[in-house]
Every structure is written in structure tokens, then in C-alpha cells.
Amino acid sequence: MIKLKDILYKVTINAVVGDTNVMVNQVQFDSRKISKGDVFVAIKGTVVDGHNFINDVIAKGAIAIVCEKTPENTVKDVTYIEVDSASKALAFIASNYYNVPSENLKLVGVTGTNGKTTIASLLYQLFKKAGYKVGLLSTVKVMVDETEFTATHTTPDSLSINYYLSKMNNEGVEFCFIEVSSHGIHQHRTEGLHFTGGIFTNLSHDHLDYHNTFAEYRDVKKSFFDHLPAHAFALVNGDDKNGTVMLQNTKAKSYTYALKSYADFRAQILENQFRGLLLKVNDNEVWVRLIGRFNAYNLTAIYATAELLGLKTTETLRIMSTLENVNGRFQYFTSDSNITT
């Protein structure tokens, strides 16, 4: 149990009706999950508006309502917190409820159109092989060190993110890599998280079914880097023209990686074979099992991130040579040429 006022830290509040000194049980934004003593956050979704369920959750025993419009008829002994954005409020409330778990590990977000899953998953592999306890929040799966959970979204909701980060704290996880989608950024799911770094892969004309224009899509991605703190790093693909856009207003320490242009971390493909790549990254040669130019970009980003997080170069290169393809991403198979039919 925790006091309502304690989980409202950093939430921008317009009005309060009732007592914030009450003890609350859990935080929910799904009306079906409400039980006695819970806080209900009424999110306005694209299909369903949580405000329509306020009376239902009160009947189930909700003790507090976070909403964008306070109902005309309030109920005695129920506290109403009016905010501009319930989804943004939920992110801070979730973080506070779980004791701000992102502060207790090094959290790195990966955003861009392509490569998010591969980079996040391979970074998880690399740091695990380096002997660290590691977390992963990806499209494919959620990992709390060695315990696997099924992923439902590219970027989970705020409650789920902080729930998993809290479990990582309990397991002594030191590093966590999370995919950050444009949907997740736009819906404030990563608000209130303490990032150690951010990675930008590339941008193409995808997801315009959700974002009205390419400029809006780009600017949503950019807002992630705009909010990185000064002690964090911002690592972007220098060969993508949108990379420099991501860095325009960031307070974070800026770095670039590239194959074709000058960059802080530059790679060359020395050999591109069916069984792997021979890369030269910042004058260091490494043979990797992954194939294709797109993976050369991914691996350069991984090398750069490992360096920025303090891993020794020799250790990074050694482990890079052992990394394996992510399940469900580009994979190749070989057959025995001696088999006849």
C-alpha cells in the first residue's frame, strides 16, 4: 500500500477533489482489472475512452480517479485528480508506484523504423555474455535477466514497463535495452523513465497510418532525444539524413555511427559472405556471423553502444564474433549438398 499523494510526484495537476492522503492499492487503466482501493487512470484511447467507465470502477471500489475532465457529479470518499494528459500522468504514476525503477539500472532506448529489435536483442546477448545481469523489452520478448515473458507491444504500456523494470531491480539487473516505438513515444509510455542513452537507426515512410505526415513521424522520434538528460548519450546513424535532426535539441552527449560518412564510430565491410561479415570498426577488425549491409549498421551501433557503456573494446569484439541472429528476423539456412532425392 502507498499514499496517493506519493505517486502523484511530477504529475501536472489542474484540480483535486477529495483527499490525496489516502492509501491506495494498485494502479489500473483497464476498468476490467479494478478492485477495491485501486486508482483508475481514465485514458482517452483511439477506440475506447476510459472516462466512460468511471462510474463502473467506482462501483467496483476504486478509491481515486485520474481523469482529464472531472465528472459533474462526484462521489463522496472518492478522490478525483484532473490532469491535461491522463496517459502522461499514468507514466509518472506508474514510475512512482514502482519506486522509480529506471533510476536503478542503465536503460538504453532504441528507436527508428528498422533495426530496433535486432539492436536491442543483440545488445542483450552481448552484455549477458560479458557476465552482466541484463533486461530486454522488445517486440519479440521481454527478458528479466534469464526469465522470459511474452511481449504484446513494441513498447509496452507505462505500467508494464515499470513493472518489468521493478522486477529487474529485484533481480539485480544492471543494463536494460528497450525498443522505443513512435506509437510509444506519442502515447507517453516512456515518459518519466531515466534513460542512460538513446540510439537512432533510420527513418523510412512507415507507420503513416498512425502519424499524419512523415514530418510528424520524424518529430515524434526526435522528441525522444529532446528529452534525454545531459548525462545520457545520443547515438545516431550518420548515414541517415534524419540522424542530425534527432540531435538538434538534445542535451545528451551526441555521437554518430556510419558506414559511408565520417562518424565517431565508423565501419567498413571488408568481406560480405554468405556465412558472415568481416568488418573494420574504428580500426578494429572483427568477423561476425550476421550477414548483409543492414546488419553491418546494426553491429556498428552495438559496438558503439558497448563502448559508450564502458565495456572493454577487446571484450566487445570477442563477443560480437559470437552473436547470433534474432529469431523472427532475417535468418539463413544451409543444406547438406551431398543429400540427393
Side-chain angles (χ1 to χ4, degrees), residues 1-46 48-71 74-75 77-105 107 135 137 142 144 149 151-153 155-170 176 178 183-194:
M1 298 285 281
I2 187 171
K3 282 188 178 180
L4 176 60
K5 66 178 183 180
D6 292 335
I7 62 173
L8 294 174
Y9 178 61
K10 290 191 176 181
V11 175
T12 303
I13 298 171
N14 294 335
V16 176
V17 177
D19 186 6
T20 62
N21 205 37
V22 295
M23 302 298 290
V24 298
N25 183 24
Q26 296 186 71
V27 178
Q28 304 287 1
F29 65 92
D30 185 338
S31 61
R32 296 167 297 182
K33 296 180 179 179
I34 286 287
S35 57
K36 189 174 181 180
D38 288 354
V39 177
F40 176 65
V41 183
I43 304 288
K44 282 186 179 178
T46 53
V48 179
D49 186 350
H51 291 74
N52 296 332
F53 301 95
I54 289 176
N55 289 335
D56 294 340
V57 300
I58 291 172
K60 289 182 177 180
I63 201 169
I65 308 293
V66 178
C67 53
E68 294 175 11
K69 185 178 180 182
T70 305
T74 58
V75 176
D77 297 328
V78 174
T79 304
Y80 299 83
I81 311 295
E82 187 176 301
V83 297
D84 283 334
S85 169
S87 56
K88 190 172 183 178
L90 175 63
F92 286 106
I93 289 169
S95 178
N96 294 330
Y97 181 80
Y98 287 106
N99 295 316
V100 197
S102 58
E103 281 189 331
N104 302 317
L105 42 70
L107 181 65
L137 290 160
V142 174
V144 177
F149 300 86
T152 56
H153 296 82
T155 307
D157 63 80
S158 309
L159 272 176
S160 297
I161 290 173
N162 284 281
Y163 167 77
Y164 288 124
L165 293 179
S166 177
K167 290 183 78 68
M168 291 177 198
N169 286 176
N170 294 338
C176 177
I178 177 175
H183 296 62
I185 299 168
H186 187 257
Q187 294 168 10
H188 304 291
R189 296 181 203 165
T190 55
E191 200 84 33
L193 297 179
H194 294 255

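Counting from 1, the numbers follow the sequence of the chain as shown.
Taking 4.5 Å as the limit, some side-chain heavy atom of Leu193 sits within range of a side-chain heavy atom of Leu165. Asn169 has its side chain within reach of Leu105: a pair of non-hydrogen atoms, C-beta onward, lies under 4.5 Å apart. Residues Tyr97 and Ile2 are in side-chain contact: their nearest non-hydrogen atoms beyond the backbone lie under 4.5 Å apart. A heavy-atom distance below 4.5 Å is not found between the side chains of Val142 and Lys167. The shortest distance between side-chain heavy atoms of His194 and Val100 falls below 4.5 Å. In this structure the side chain of Phe92 never reaches within 4.5 angstrom of the side chain of Thr12, judged on heavy atoms. Annotation: side chain of Ile65 is not in contact with side chain of Thr79 (no heavy-atom distance under 4.5 Å).
Here the side chain of Gln28 pairs no donor or acceptor atom with the backbone of Ile34 at under 3.5 angstrom.
Of all heavy-atom pairs between Ala62 and Val78, the closest is O-CG2, 4.0 Å. Across every non-hydrogen atom of Glu191 and Ala91, the tightest pair is O-CB, 3.3 Å. Contact record, Ala42 with Ala86: O-CB, 3.2 Å, taken as the closest heavy-atom pair. The shortest non-hydrogen separation linking Ile161 to Pro156 is CD1-O, 3.3 Å. Across all their heavy atoms, Phe53 and Val48 have their closest contact at CE1-CG1, 3.4 Å. The shortest non-hydrogen separation linking Ser102 to Gly192 is OG-O, 4.2 Å.
Note that the OH atom of Tyr80 and the OG1 atom of Thr70 stand 8.5 Å from one another [nearest 0.5 Å]. Here the CG-CG distance, from Asn162 to Asn99, works out to 10.5 Å after rounding to the nearest 0.5 Å. A distance of 7.5 Å separates OG1 of Thr20 from CD1 of Ile13, quoted to the nearest 0.5 Å. Note that the CZ atom of Phe40 and the CD1 atom of Ile58 stand 10.0 Å from one another [nearest 0.5 Å]. For the atom pair Ser87 OG and Glu68 CD, the distance stands at 7.0 Å (nearest 0.5 Å). Between Ile93 atom CD1 and Asp6 atom CG the span is 12.0 Å, to the nearest 0.5 Å.
In this view, Phe149 and Tyr164 satisfy the ring-ring contact (aromatic ring centres under 6.0 Å, His included) rule, not counting sequence neighbours.
A donor-acceptor pair shorter than 3.5 Å can be found between the side chains of Asp84 and Asn14.
Applying the salt bridge (charged side-chain N to carboxylate O under 4.0 Å, His left out) rule to pairs touching residues 48-62 yields nothing, sequence neighbours excluded. Under the side chain to side chain donor-acceptor pair (under 3.5 Å) criterion, the residue pairs touching residues 32-44 are Asn25-Asp38, Asp30-Arg32, Ser35-Asp38, with sequence neighbours excluded.
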#### Entry: From CA spacing to verdict: side chain to side chain contact (heavy atoms under 4.5 Å, CB included), Leu137, Met168
CA-CA 11 Å; Leu137 290 160; Met168 291 177 198; 4.3 Å; yes
